[in-house]
Amino acid sequence: MNETVARMLHELAELTELKEGSAQAFRVRAYENAARAVENLDRDVSEMTEKELVAVKGIGESIASKIREFVETGHIAKLDELRAEYPPEFVELLHVPGLGPKRVQALRDELGVQSVEGLRHAIEAGALRDLPGFGEKTEQNLAKAIERLGMSGKEVRRPIADVLPVATAIVEGLEGLGKAAVYAGSLRRFRETIGDVDVLVAAADHRPVVERFATLPDIAEVRAGGETKVTASTSTGLQVDLRVVDPDQFGAALAYFTGSKAHNIRMRQLAIDRGWMLNEYGLFDGDRVVAAKTEQDIYEALGLEFVPPPMREDTGEIERAARHDLPTVVELEDLRGDLHVHTDWSGDGRATLEEMLHGAKERGYAYVAITDHGKNLRVNGLSEERMLEQRAEIEKLRERFAPMVILHGSELNIGTDGSLDYDDDFLAGFDWCVAGVHDHFDLPKEQQTERLIAAMRHPAVRAIAHPFGRIIGRRPPIELDVEAVLAAAVETRTALEINSHLQRLDLPAEVARRAVNEGVRIIISSDAHAVHELGNVGYGVQHAQRGWVPKQAVLNAQAGPPSERSERWGEGTAAP
DNA sequence: GCCGTTTTCGGCCCGACTGTTTTCAGTCG
């Protein structure tokens, strides 16, 4: 319900902006703030009274009553009105780069343009160039923008797995030209999907950076450029923005371009409260530079704890940082082991048992669980016999890899009825098993939930691997009753995995945040099928930070291997 | 439309770039 209400409020914001333009910018922002407030609510809005809603920061009388109206009737009269006035095809025009509320209105009033298609015709007829506020250049730019977008007016967000390698290559290509080259933006905040890439270089001499940038193999076309800012795109149409900044101002620029926009606005407000000013060049008291060199300096000067980039979404981190009460989120160095690792014993593994163990040892792990696929995964699961052979092999290797503890386990397959690959006696022989859904992704919510919970109730199942089975941008998450799943995880003391594979990042961050609030244990796993993939846990950790997952909640951040079923991690202490 | 240990009314984040203008509006991030 909250998600639906939040979507309504976002739509209300967009349509209000369209109707009223910048004159009502503050109302637009109020709707957006309220939408975010709803997204971050612990409770379901449908269960809240109007009074309780008004008590939520960002929700006032007017929006509270609209939310109640929606809960009770399924409609918001004001939204229905706006929708009637601005049909979806028309609203789509707003998503064309270069078009905002003002120009879209002008197109409709002066030329009768009602859709992206209509705009295309108007451009072909040369009707835009004489429109006040437009011109020949604008007409050309819009034509290009439409062409780039295809028929739809919406710029696609791409899965992080598609974007991160490109961004990394670009950053590496710019190294050595200045003091630092990094990516910022939503990529640094580690969002699941990325709209465009922001690259930041600290260099006193701007020109060599800008020149090198244009020649990088990943850069196909430079679209616009000034002294310090260049906009380009890759051969696949991914937009890349480069900014070159003075090394002394790198921290301010990094904070600014990392965002999120909402987080930045709150930061600037804090600066104003102190009579200062914050922008991408620094934190200023009049002409005096209060802080600029590092992000840490800026947070400290504003009286805040440092906020890790993935948490910068204005979902309560500013308030907590001001009270010096941010949860200590898990860091890569906290991980003491990996509890979901494959070898070439199951067909999809690409490294031997010994190679994987070496890799784990090199990472300094105290323990590792070898969890090749259970036999029900037809293509590459291990029979009972093969499992026993592997166990004997591990037994022989234990001494060699001591003091690192090797757990022998399996990644079990959860059947549609919650059944597992082996009989109970055999399952009892494993040290540690994870279980996951690998088929029948489209079962109805109720059945899918029952299936998962049934697996959790089995004593051999210590963690649920990639609980939602999603592949970002490719396969949607399975439908689950999240509340029921979290309750079962607490009850059965079963951990939930954050799978570190870039295409999975599963649990989703918002579910992870709910889970740790309920006291659910988390494991951050590589699910590695090759030695270098053991390092993927770095992604898992950043993703976990988006979910505010504290170190104490992470089972494989504890010193020793998990032996018995663990306590509810937060038991007896305040929720993070 | 929301909000208030300086406010219940008057504020509400900041700068660059583009293209249209000839001093600036609109858009973007």
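Proteins come first, then strands; the chains are lettered A, B, ... in the order of their sequence lines, and each starts at number 1. Side-chain atoms are counted along with the backbone in the values below, which use heavy atoms only and exclude waters and symmetry mates.
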_Measure NE2/A/His95 against C1'/B/dT27 and give the value in whole Å, please._
14 Å
*A/Ile76 CD1 to B/dG1 P, straight-line distance once rounded to whole Å*: 12 Å
*Quote, to the nearest angstrom, the P distance that separates B/dA25 from B/dT20.*
16 Å
*Roughly how far apart, to the nearest Å, are B/dG10 and B/dG15 at atom C1'?*
25 Å
_Residue matched to B/dT8 through Watson-Crick or wobble contacts both under 3.5 angstrom_ = none
_N/O (side chain, A/Lys66) to phosphate O (OP1/OP2, B/dG1) under 4.0 Å_ = yes
*asked:* Could you check whether A/Glu11 pairs with A/Arg83 (Lys NZ or Arg NE/NH1/NH2 to Asp/Glu carboxylate O, under 4.0 Å)?
replied: yes
*OP1 or OP2 of B/dG26 sitting under 4.0 Å from any side-chain N/O of A/Lys102?*
yes
*Do the side-chain N or O atoms of A/Lys137 get closer than 4.0 angstrom to the phosphate oxygens (OP1, OP2) of B/dG26?*
no
*Verify the contact: side-chain N or O of A/Asn33 to OP1 or OP2 of B/dG1, cut-off strictly under 4.0 Å; return yes or no.*
no
*Which of the following nucleotides, B/dC14, B/dC2, B/dG15, is nearest to the side chain of A/Tyr281?*
B/dG15
*Nearest-Å distance, CG (A/Asn264) to C1' (B/dG15)?*
12 Å
_Just N and O in the side chain of A/Thr138: are any of them under 4.0 Å from OP1 or OP2 of B/dG19?_
no
*asked:* What is the distance, to the nearest angstrom, from the CG atom on A/Asn279 to the C1' atom on B/dG29?
replied: 14 Å
*asked:* Quick check on DNA chain B: between A/Val28 and A/Asp273, whose nearest nucleotide comes earlier from the 5' end?
replied: A/Val28
*Looking only at atom types and distance, does a side-chain atom of A/Glu52 sit under 3.5 Å from a main-chain N or O of A/Thr49, one as donor and one as acceptor?*
yes
_A/Ile272 side chain, from C-beta outward: closest of B/dG1, B/dC14, B/dT20_ = B/dC14
*Plane angle bin for A/Tyr299 and A/His263 - parallel if under 30°, tilted between 30 and 60°, otherwise perpendicular*: tilted
*asked:* Please determine whether a side-chain nitrogen of the Lys or Arg among A/Arg243 and A/Asp198 lies less than 4.0 Å from a carboxylate oxygen of the Asp or Glu.
replied: yes
*For A/Met267 and B/dC14, give me the distance from atom CE to atom P, rounded to whole Å.*
13 Å
*Nearest-Å distance, CG (A/Leu270) to C1' (B/dC12)?*
14 Å
*asked:* Please report the distance separating the C1' of B/dT22 from the corresponding atom of B/dC28, rounded so that it comes out in whole Å.
replied: 24 Å
*Take atom C1' in B/dG1 and the same atom in B/dT8, then report the distance between them in whole Å.*
14 Å
*Does NZ or CZ of A/Arg108 fall inside the cone over A/Phe90's six-membered ring, less than 6.0 Å from its centre and within 45° of the axis?*
yes
*Taking atom C1' in both B/dC12 and B/dG19, compute the distance separating them and give it to the nearest angstrom.*
29 Å
*asked:* Nearest to the A/Thr228 side chain among B/dC17, B/dG1, B/dG29, which nucleotide is it?
replied: B/dC17
